[in-house]
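Report on one structure; see the data block that follows.
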Amino acid sequence: MNKKIIIMSHCILNNNSKVRYINDEKRLEQNKEKQKFIKKIIDKDIGIIQLPCPEFTCYGSNRWGHVKDQFDTPHFRKHCRDLFKLCLEQIEEYINNGYEIKAIIGIEGSPTCGVTKTCRGNWKGELCGNKALSSTINSIKECKEQGIFIEEINKMLKEKNISIKIVGLDESNVEKILI
Ligand code: SF4
């Protein structure tokens, strides 16, 4: 046992939690790359802790894709904090017993788990009868900031004076990740 642990976003290990996607082939391809990445971690005998998926646990399997602005509510932030609480206790216990938490891995571009990139946009209101629907959808833009869950994780780690590297996994370029 080498006493090393990596904590990762839920959907790296369980693709089923993600917003349903039209291009299933692309997703299957990305999933294969993620599986290779996970295998490398297992081969190095590094333990894996899977974070809960805040979007799935809050909105379920039939949710639409959202932007960060829609998730930026007191309730969703509290939900994220509640979900991370149990993981934080485990982190403390491992650190107190000489284990190394090598990294927390989020998902680039996610409104929830993004680490250096998330998405914002003027998304709100009814879909039916919205004559400006395409311009609403097209208001989405990539932003160089964290998703809501990663922001709350950062705050909770700071509150405990715990420093852990947080890195983002780019699902279209899994190889690029450095941990
Ligand atoms: S990126 Fe985060 S919120 Fe989105 S599906 Fe993955 S674990 Fe869930």
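Computed from heavy atoms alone, side chains included, the values below leave out hydrogens, waters and symmetry copies. Every number for a ligand or one of its atoms is a count from 1 in the order of the listing. For clarity, every value in this text was computed on a predicted model and none was experimentally measured.
Paired with E171 under the rule salt bridge (Lys or Arg N to Asp or Glu O under 4.0 Å), one option of K18, K32, K117, K26 passes, and it is K18.
The aromatic rings of F76 and F71 lie parallel to each other, with less than 30° between the two planes, well short of the 60° mark. Between F149 and F84, the ring planes are perpendicular. Angles over 60° get that label, and only those under 30° would be called parallel.
Contact between R63 and ligand 1 is present, with at least one heavy atom of the residue lying under 4.0 Å from the ligand.
A distance-only check finds no donor-acceptor pair linking the side chain of N31 to the backbone of R27 [under 3.5 Å]. The backbone N or O of R81 sits nowhere less than 3.5 Å from a side-chain atom of E152 that would complete a donor-acceptor pair.
For NZ of K155, the number of neighbouring non-hydrogen atoms (other residues, nucleotides, ligands) closer than 6.0 Å is greater than 12.
Atom 6 (Fe) of ligand 1 has C11 SG as its protein N, O or S neighbours under 2.8 Å.
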